[in-house]
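To start, the structure itself, in structure tokens.
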Amino acid sequence: MLISEETRKKLAELKDKYPTRQASIMPALHLVFDEFGYLGVEQLDEAADIIGVSRLDMNETASFYTLFPKQKVGKYLIQVCTNLSCALMGADNLVEYLEEKLGIKLGETTPDGIFTLWNVECLGSCGTAPMMQVNDEYYEDLTREKVDELIENWRKGEGS
Ligand code: FES
């Protein structure tokens, strides 16, 4: 069993909260994500068994929502939008800069497990391009200076 007793209890409670079992899939995904920071197949299977939906339904729903990581990621998941508006405002340069600064390529995690760098589709904040989402927060109108400051603050928070 990977899922903690506490999360298992919360998952079990979802059964009575929603009119159908299917309706409890999304809140279940959030509970699993909150515990692990990603949605692995084993965790999804366990959660499906607890809330009483098919493992297939659970996994299909999880894979539809691409913003839920499916593998372990760094403490700070940096998702740079590289869609049209952001691309026009220099998103590719921003990605290159982050790759250089963090010493990793897109899709990779720093060896200390602190940062993961992804590119993603439009995050709906085109007016403030270029932008990125880090965990649950948006960072907009990005410049190299802003990125330097953010990375420095996150590194300080990690004591490195
Ligand atoms: S294109 Fe980047 S937020 Fe829309």
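Read the numbers this way: they start at 1 and go in the same order the structure lists the ligands and their atoms.
Counting protein heavy atoms only, atom 3 (S) of ligand 1 is closest to S125 N, 3.3 Å.
Between W154 and F115, the ring planes lie tilted relative to each other; the angle falls in the 30° to 60° range.
Residue-environment remark: CD (Q71) exceeds the threshold of 12 foreign heavy atoms within 6.0 Å.
Counting the atoms of ligand 1 from 1 in the order shown, those under 4.0 Å from a heavy atom of L123 are 3 (S). When each atom of ligand 1 is checked for a heavy atom of S85 under 4.0 Å away, the hits are 1 (S). Remark: ligand 1 atoms within the under-4.0 Å shell around heavy atoms of C122 are 1 (S), 3 (S), 4 (Fe). Of all atoms in ligand 1, listed by their number and element, those nearer than 4.0 Å to a heavy atom of G124 are 3 (S).
For A129, the closest heavy-atom approach to ligand 1 does not fall below 4.0 Å.
With a 4.0 Å heavy-atom cut-off, ligand 1 is reached by the backbone of C126 and by its side chain too.
Between K72 and T109, the closest side-chain pair of non-hydrogen atoms is not below 4.5 Å. The shortest distance between side-chain heavy atoms of Y138 and T128 does not fall below 4.5 Å.
None of the N, O or S atoms belonging to C81 lies under 2.8 Å away from atom 4 (Fe) of ligand 1. Distance check for C86 against atom 2 (Fe) of ligand 1: an N/O/S atom falls below 2.8 Å.
The side-chain contact (heavy atoms from CB on, under 4.5 Å) test with L150 singles out one residue from I78, V134, L142, and that residue is L142.
Note that CZ of R8 and CD1 of I3 are 6.0 Å apart. Values are rounded to the nearest 0.5 Å.
Between K9 and E5 there is no salt bridge, since no side-chain nitrogen of the basic residue lies less than 4.0 Å from a carboxylate oxygen of the acidic one.
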